[in-house]
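The figures here come from the full heavy-atom set of this structure, side chains too, leaving out hydrogens, waters and symmetry mates. Below, read A as the first sequence line, B as the second, and so on, with proteins coming before strands; counting in each chain starts at 1.
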Amino acid sequence: MTVTVTDISCTRGLRQVLQGVSFNLAPGDSLILRGPNGVGKSTLLRVLAGLGPVAGGTLDLNPDDVAYSGHLDAVKFQLTVQENLAFWAGVYDTDQTIEVIARFDLTKLKDRLAGSLSAGQKRRLGLARMVLSGRKIWLMDEPTTSLDAHHTALIAQSISAHCAGGGIAILSTHLDLDIPTARTLDLAQFIPTKTTDTSIFLQGSF
Amino acid sequence: MLALFTRDLKLAFRSGGGFGLALAFFLIVVMFVPFGVGSDLVLLARIAPGILWIGALLACLLSLDRIFQLDYEDGTLDVLATSPLPLTGITAAKAAAHWVTTGLPLTLAAVPLGYLLNLPQPAYIWLFASLAIGTPALSFIGAFGAAITVGIKRGGLLLSLLVLPLYIPTLIFGALSVTKSVEGLNPLPSLTLLAGLTLFSIVLMPFASAMALKSNLKG
């Protein structure tokens with residue numbers, strides 16, 4: 001189980017945002033994507049998750065190993081914390097709901113409706129799903145948004161533990177997370193030199 | 001897939017789940033007809049099968065955009081698409097849950113509402129049977145329309161335009177089987193064709209929906 005990205009290009013809408021991105025990750029590796037807003041961090045993560053088109057280059061990873069967490073939490077407001085996680089446990093066919101609730105500091109909140117949680121608490125609930133999935137490759141888009149310092153550290157720990165257990169993590173963040181083994185990739189270097197809006201429009205649509 | 005199905009049922013019955021929406025719309029439409037067309041019992045009995053079927057169909061249409069839109073808006077659909085569940089299974093589970101929370105209550109409510117429209121005695125069993133057999137097709141075809149329009153904000157108009165033509169055969173055979181029974185003719189041929197349409201939709205629509213969903217999520 002590895003992630004090999006070779007010379008990949010990404011488009012958002014009809015506009016090319018990244019060109020020539022290459023990296024290679026083995027079990028235990030983690031990669032932090034950096035770059036200014038709009039550079040294409042989310043777009044790249046979606047492409048890796050299989051939720052966006054690969055506009056060029058090759059992508060070699062097993063889609064069945066991927067767990068994706070976007071900038072939305074994928075939390076149902078009308079369900080309680082426990083019901084939310086129990087649903088994902090059913091989807092991923094596991095029975096670790098209770099352990100995961102404890103690990104993400106959600107025990108006191110487990111019978112509350114998710115709609116009544118704060119933004120940071122919802123975020124934790126969304127991230128708890130990653131552990132529940134039992135999958136090896138974590139793709140996380142700004143996982144630390146709305147989290148306090150204590151829980152940011154908790155998430156960093158959780159990612160480190162995941163990688164120490166042979167997992168791979170790719171995440172975008174603007175904070176300095178305490179993940180000792182993490183490599184950093186600045187996406188600003190992959191901005192396409194010339195914009196090819198019109199030709200992409202013609203090639204892509206007809 | 002069972003987890004998704006039971007979650008959708010649970011969400012439908014929670015606050016804001018929209019379970020009552022289709023049912024209330026159906027009740028209102030059917031109860032207003034006697035006020036609109038007058039209390040001519042013979043006329044009401046003649047138009048009752050059509051009114052009940054059109055009412056059920058429109059009520060079903062009203063709730064279609066919820067099938068995928070809510071999951072799309074909170075990011076759940078993205079995660080589901082990367083989960084071990086196949087997209088065909090996701091769409092089938094969601095269409096089935098839509099039927100249980102919409103088609104089934106409409107079918108049950110239609111029988112007492114038939115009484116309000118002076119539906120003749122022998123037609124009740126056929127009304128119930130035709131709706132029970134026909135409404136799954138409405139849910140599965142509707143899920144296809146909902147999958148096509150999933151990324152579009154307030155795509156209700158487009159969804160209706162896409163789905164209504166596909167609903168016409170179901171409406172024709174469903175209403176016809178009830179009308180036939182009212183007229184004392186054999187309703188079975190129409191009902192059999194209706195069952196065929198439903199089976200066709202249940203088998204093929206999840207694949208079509210999955211393809212529509214895939215192209216929408218990857219766009």
Side chain / backbone / both / neither for B/Leu85 at chain A, heavy atoms under 4.5 Å: side chain

Cationic N near anionic O, under 4.0 Å, A/Asp29 to A/Arg183: yes

B/Leu80, part contacting chain A, at a heavy-atom distance under 4.5 Å: both

Salt bridge present between A/Glu83 and B/Arg14 (N-O < 4.0 angstrom): yes

Chain B contact via A/Val75 - side chain, backbone, both or neither, heavy atoms under 4.5 Å: backbone

Charged N-O contact under 4.0 Å between A/Arg124 and A/Asp73: no

Option in B/Lys10, B/Glu73, B/Met1 with maximal non-hydrogen atom pairs under 4.5 Å from chain A: B/Lys10

Check ion pair A/Asp141-A/Arg46 (N to O, under 4.0 angstrom): no

